[in-house]
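Below is one structure, written out as structure tokens; comments come after it.
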Amino acid sequence: MKALVTRLDSFGDVLLAGPAIRAVAARADTVTLLCGPRGAPAARLLPGVDDILVWDAPWVGLTPPPVGRGEVELLIDTIDADTALVLTSFHQSPLPTALLLRLAGVDFIAADSEDYPGSLLDVRHHRAPHAHEVEAALDLAEAAGFPAADDGRPRVLPPPDTAGLTGPEPYVVLHPGASVPARAWSPDRCAEAARDLAAAGHRVVVTGGAGERDLTSYVAGSHALDLGGRTGAAELAGVLAGAGAVVTGNTGPAHLAAAVGTPVVSLFAPVVPAERWRPYGVPYVLLGDQDAPCAGSRARECPVPGHPCLDTVTAHDVVNAVEKLMGEAA
């Protein structure tokens, strides 16, 4: 059986699809993962994936490409699968993807869909209303004939040794950036946390992407090691794996930390529900006002002056959360 799993959105979303992909891989001869360009770095980290197709779908993201007939026809001609699982978030429709897969000759397609799918789906599954993204994907996989093959926790391939970047353990990682501004703790609060964690006796490592070097430099100051722009996805996995705890918002590195088994202090803005998107499968502490006025709004920019859902969290709160998690792990 040639299986195809699709997850077309971001880095963290692809990581959360990992347990369902492993369920498919346990019964299929080969598994191809169809993902978008933002998710491709995560796709390369996942066990059970034999091949990766990267396609920038015109119905995904805030800056989607125009619809191009040539690109669509090339994708249809490239897909070679008997069975497909279309993984989406609770607010997304799987039907555009299912249509392309049907045109590509895929015989059996399963997805969660509230919309009537006509002949596009062979398994129209309804996800549990409060299911975490990991659990929802596993439920769909089971409905399609792929029961969970292991403990169902996010996991990645063994990361490289990054001691040359971080220096010796123990240390705490602080990741201040987020692709969605409403989900980020303020730079000043992050800098205070780096200072207070260092004052409490912790080595602090600050991580971030190539476009976040100014942010990571400011946050690290003279109190922390700045690794901004110095880690790809695999190297970041190694850095997170060596940490005693990771402090970050609701963003891809939170899920990558969980995938390498590291506890997470989650600065979680409630613009999306924590029950669906919190770190999964590891000890965590959730910080932030989950009943703030922005709750459930899916806002990208904070709609409330002062960003109170997160900026009421103090550096002292973070230090206490880190020490709680590290104490439990000792």
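What you see is a predicted model, and the numbers here were worked out from it, not measured in a lab.
L95 and P117 make their closest contact through CD2-CB, 3.8 Å (heavy atoms, listed as atom of the first residue, atom of the second, distance). Nearest heavy-atom pair across P154 and L16 is CG-CD2, 4.4 Å. Pairing each heavy atom of L286 with each of A274, the nearest pair is CD2-CB, 3.7 Å. Taking both residues in full, the closest heavy atoms of P94 and V86 are given as CB-CG1, 3.6 Å, listed atom of the first, atom of the second, then distance. Nearest approach of V264 to A254, heavy atoms of both residues: CG2-O, 3.9 Å.
We find the CG-SG distance between L215 and C190 to be 6.5 Å, quoted to the nearest 0.5 Å. A distance of 5.0 Å separates CG in D115 from OG in S93, rounded to the nearest 0.5 Å. Interatomic distance, L101 CG to T83 OG1, rounded to the nearest 0.5 Å: 11.0 Å. Summarising the geometry, atom CD belonging to E135 is positioned 12.5 Å from atom CD belonging to E142; distances are rounded to the nearest 0.5 Å. Note that OG1 of T216 and CG of L227 are 8.5 Å apart. Values are rounded to the nearest 0.5 Å. Atom CZ in R38 sits 7.5 Å away from atom CG in D13 (nearest 0.5 Å).
The shortest side-chain heavy-atom distance between V304 and C309 does not fall under the 4.5 Å cut-off. In this structure, L287 and V265 have side chains that are in contact, with non-hydrogen atoms separated by less than 4.5 Å. Residues D51 and V49 are not in side-chain contact: their nearest non-hydrogen atoms beyond the backbone lie 4.5 Å or more apart. Within the 4.5 Å cutoff, the side chain of R127 has heavy atoms near those of the E133 side chain. Inter-residue side-chain proximity for V204 and L225 is flagged as unmet; no heavy-atom pair is nearer than 4.5 Å. Looking at W55 and V72, their side chains come closer than 4.5 Å, going by heavy atoms from C-beta outward. Side-chain contact between V322 and V247: present, with at least one pair of heavy atoms (C-beta onward) separated by less than 4.5 Å. Side-chain atoms of H126 and S113, non-hydrogen and from C-beta on, never get closer than 4.5 Å to each other.
For residues 228-268, no pair satisfies ring-ring contact (aromatic ring centres under 6.0 Å, His included), with sequence neighbours left out. Among residues at least two apart or in separate chains, there is no ring-ring contact (aromatic ring centres under 6.0 Å, His included) pair with a member in residues 172-220.
In the hydrophobic clustering, V271 connects to no other residue, as no ILVMFWY side-chain heavy atoms lie under 4.5 Å from its own. Alongside F108, the hydrophobic cluster contains V123 (criterion: ILVMFWY side chains under 4.5 Å).
Side chain to side chain, S89 and R7 meet the donor-acceptor criterion of an N or O pair below 3.5 Å. A donor-acceptor contact closer than 3.5 angstrom is absent between the side chains of D214 and S217.
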Give every donor-acceptor pair under 3.5 Å between a side-chain atom in residues 21-30 and any protein atom, sequence neighbours left out.
{"unit_1": "R22", "atom_1": "NE", "unit_2": "D150", "atom_2": "OD2", "d": "2.8"}
{"unit_1": "R22", "atom_1": "NH1", "unit_2": "R153", "atom_2": "O", "d": "3.2"}
{"unit_1": "R22", "atom_1": "NH2", "unit_2": "D150", "atom_2": "OD1", "d": "3.0"}
{"unit_1": "R22", "atom_1": "NH2", "unit_2": "D150", "atom_2": "OD2", "d": "3.4"}
{"unit_1": "R22", "atom_1": "NH2", "unit_2": "R153", "atom_2": "O", "d": "2.7"}
{"unit_1": "D29", "atom_1": "OD2", "unit_2": "M1", "atom_2": "N", "d": "2.1"}

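Ion pair E301/R183 not flagged as a salt bridge, since none of the NZ, NE, NH1 or NH2 atoms sits closer than 4.0 Å to an Asp/Glu carboxylate oxygen. Using a 4.0 Å cut-off between a side-chain N of Lys or Arg and a carboxylate O of Asp or Glu, D151 and R155 qualify as a salt bridge. Under the 4.0 Å criterion applied to side-chain N and carboxylate O atoms, D80 and K2 are assigned as salt-bridge partners.
A donor-acceptor pair under 3.5 Å is formed between the side chain of H307 and the backbone N or O of A182. The backbone N or O of G232 sits less than 3.5 Å from a side-chain atom of E235, completing a donor-acceptor pair.
Connection of L45 to V282 is not established within any shared hydrophobic cluster, with ILVMFWY side chains joined at heavy-atom distances below 4.5 Å, either directly or through further cluster members.
Scanning for ring-ring contact (aromatic ring centres under 6.0 Å, His included) contacts around Y284 gives an empty result, with sequence neighbours left out. Checked against salt bridge (Lys or Arg N to Asp or Glu O under 4.0 Å), R195 has no partners two or more places apart in sequence or in another chain. Not counting sequence neighbours, T88 has no partner by the side chain to side chain donor-acceptor pair (under 3.5 Å) test. Take N320 and apply the side-chain contact (heavy atoms from CB on, under 4.5 Å) test, not counting sequence neighbours, and it matches H316. Residues forming a side-chain contact (heavy atoms from CB on, under 4.5 Å) with P64 (at least two apart in sequence, or on another chain): none. Partners of H132 according to the ring-ring contact (aromatic ring centres under 6.0 Å, His included) rule, which considers only residues two or more places apart in sequence or in another chain, are Y280. Partners of R124 by salt bridge (Lys or Arg N to Asp or Glu O under 4.0 Å), not counting sequence neighbours: none found.
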**OP:** Tell me, with the steps shown, if T78 and I76 meet side chain to side chain contact (heavy atoms under 4.5 Å, CB included).
**Re:** CA-CA 5 Å; T78 302; I76 290 171; over 6 Å; no
**OP:** Under the side chain to side chain contact (heavy atoms under 4.5 Å, CB included) rule, what do C35 and V54 come out as? Steps first, then yes or no, please.
**Re:** CA-CA 5 Å; C35 62; V54 181; 4.2 Å; yes
**OP:** Evaluate side chain to side chain contact (heavy atoms under 4.5 Å, CB included) for V14 paired with L33, printing each intermediate quantity in order.
**Re:** CA-CA 9 Å; V14 171; L33 177 57; 4.0 Å; yes
